[in-house]
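Note that ligands are numbered from 1 as they come in the structure, with each ligand's atoms numbered from 1 the same way. Because the structure is predicted, anything quoted here is derived from the model rather than measured.
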Amino acid sequence: MTLRLPVLPGVGVTLRAFRATDAPLIQEASGDELIPVITSVPATDDHAAALAFIARQHERSRTGEGYSFAIAEQGDRAVGQIGLWPRANPAGSATVGYWIRPTARRRGHAAAALGALVGWAATLPGLSRLELYVEPWNIGSARTAERAGFERHELMPARQLVGGTPRDMVRYSLVLSWLTTSRPPR
Ligand SMILES: CC(C)(COP(=O)(O)OP(=O)(O)OC[C@H]1O[C@@H](n2cnc3c(N)ncnc32)[C@H](O)[C@@H]1OP(=O)(O)O)[C@@H](O)C(=O)NCCC(=O)NCCS
């Protein structure tokens, strides 16, 4: 099932499909200590490898694997990536991941991109819940999630292999209907 990737406006950012001209973004991200370890961004700044990464993102919507957006700042320069990955189990949920190029951090881009993604996700039929996983030391990612309305849950020991090493993760979730209705009491 092919997924249609929309263009999503946010505060100071636009989420859109990747383009070949975004290769310099991928080349810069390849030099980050974390991004190539937690994503499929190549660990080399080779231009052909960056173009292959971009082609893989288009493939993900073609095959129905998920939505991979480039985050563009004003002027359309790509500053990062944000993805929404629907999960078969449990049905109705999807995981979210994001990164911003090192030279464009601390300007609100991740928060704006996640806000735009969440607003759009709430309109997708059949999707009720978003999840994301953050390493306990990653304050920037935790703050980004909390600003978008995600709730912090448990610490999951050794939940995920990062660079071949099992790493603890904090689970965050957001129930999309709670964006528009009051949250039921527990
Ligand atoms: C985490 C990351 C996406 C944040 O992107 P960003 O565009 O710099 O974040 P923003 O400018 O939108 O900031 C969002 C919030 O996080 C805070 N923040 C961002 N980086 C921070 C840092 N290094 N230390 C402390 N707080 C930080 C901001 O102050 C802001 O919080 P506030 O609303 O309370 O002021 C970016 O640092 C990154 O790409 N890191 C590497 C990849 C990664 O960790 N991805 C997430 C994996 S779960």
Side-chain angles (χ1 to χ4, degrees), residues 8-16 18 22-45 49-50 53-54 56-57 60 65-87 93-121 129-174 179:
L8 302 176
V11 180
V13 297
T14 301
L15 310 191
R16 57 156 174 81
F18 274 96
D22 298 330
L25 164 74
I26 309 307
Q27 290 171 285
E28 181 182 324
S30 73
D32 184 70
E33 58 182 10
L34 186 60
I35 295 170
V37 178
I38 61 170
T39 71
S40 60
V41 167
T44 161
D45 68 355
F53 170 87
I54 290 168
R56 285 199 299 277
Q57 306 319 300
R60 291 173 138 188
E65 186 193 345
Y67 302 87
S68 173
F69 292 94
I71 304 166
E73 64 183 359
Q74 274 164 9
D76 203 34
R77 187 181 79 123
V79 293
Q81 179 190 21
I82 188 162
L84 180 77
W85 313 110
R87 289 173 54 178
S93 75
T95 53
V96 177
Y98 43 78
W99 56 262
I100 299 292
R101 67 197 298 169
T103 54
R105 290 181 187 161
R106 305 302 298 260
R107 297 186 205 157
H109 291 329
L114 187 57
L117 187 88
V118 162
W120 168 71
R129 197 163 153 277
L130 302 182
E131 276 199 346
L132 60 87
Y133 296 87
V134 178
E135 287 195 69
W137 58 265
N138 197 340
I139 310 295
S141 184
R143 282 296 310 141
T144 300
E146 285 159 6
R147 262 184 68 170
F150 280 77
E151 185 180 4
R152 186 185 179 104
H153 297 290
E154 74 278 18
L155 177 71
M156 306 175 82
R159 180 191 185 264
Q160 199 171 313
L161 286 179
V162 177
T165 308
R167 300 283 274 268
D168 300 350
M169 293 284 160
V170 178
R171 183 173 68 90
Y172 282 83
S173 81
L174 188 153
L179 295 172

- Task: Would you tell me which option among Arg105, Glu146, Arg107 has the nearest heavy-atom contact to atom 40 (N) of ligand 1?
- Result: Arg105
- Looking only at distances, please establish whether an N/O atom of ligand 1 is found under 3.5 Å from an N/O atom of Ser141. no
- Message: With respect to Ala111, determine whether any N or O atom, backbone or side chain, lies less than 3.5 Å from an N or O atom of ligand 1.
- Response: yes
- Query: Within the structure, does at least one protein heavy atom fall under 4.0 Å of atom 2 (C) of ligand 1?
  - Reply: no
- Ligand-residue contact atoms, ligand 1 with Arg143, heavy atoms, under 4.0 Å: 15 (C), 16 (O), 17 (C), 31 (O), 32 (P), 33 (O), 34 (O)
- Item | Step-by-step side-chain contact (heavy atoms from CB on, under 4.5 Å) determination, Tyr98 to His109 | CA-CA 10 Å; Tyr98 43 78; His109 291 329; over 6 Å; no
- Between the candidates Glu33, Arg106, Arg147, which shows the shortest non-hydrogen contact distance to atom 22 (C) of ligand 1? Arg106
- Report the part of Asn138 (side chain from C-beta onward, or backbone N, CA, C, O) that has a heavy atom under 4.0 Å from ligand 1; answer both or neither where that applies. side chain
- Query: Has Gln74 got more than 12 heavy atoms of other residues, nucleotides or ligands less than 6.0 Å from its CD?
  - Reply: no
- Give the intermediate values and the outcome of side-chain contact (heavy atoms from CB on, under 4.5 Å) for residues Asn138 and Leu34. CA-CA 11 Å; Asn138 197 340; Leu34 186 60; 4.2 Å; yes
- Can a donor-acceptor pair be found between the side chains of Arg152 and Tyr172 at a distance below 3.5 Å? yes
- Could you check which of Ala148, Ala110, Gly97 puts a non-hydrogen atom nearest to atom 9 (O) of ligand 1? Ala110
- Item | Full working for side chain to side chain donor-acceptor pair (under 3.5 Å) between Gln81 and Thr39 | CA-CA 10 Å; Gln81 179 190 21; Thr39 71; 5.4 Å; no
- Message: Closer than 4.0 Å to some heavy atom of Tyr133 - which atoms of ligand 1 meet that?
- Response: 48 (S)
- Query: With a 4.5 Å limit on heavy-atom distance, are the side chains of Leu132 and Leu130 in contact?
  - Reply: no
- Note on the structure: Looking only at non-hydrogen atoms, the one of Leu34, Leu114, Ile38, Val79 nearest atom 47 (C) of ligand 1 is Ile38
- Message: Using 0.5 Å steps for rounding, measure from the CZ atom of Arg101 to the CH2 atom of Trp99.
- Response: 8.0 Å
- Over all heavy atoms of both residues, which pair between Gly83 and Leu117 is shortest? Give the atoms and the distance, please. O-CD2, 4.2 Å
- Item | Closest to atom 45 (N) of ligand 1 among Trp137, Trp99, Tyr98 (heavy-atom distance) | Tyr98
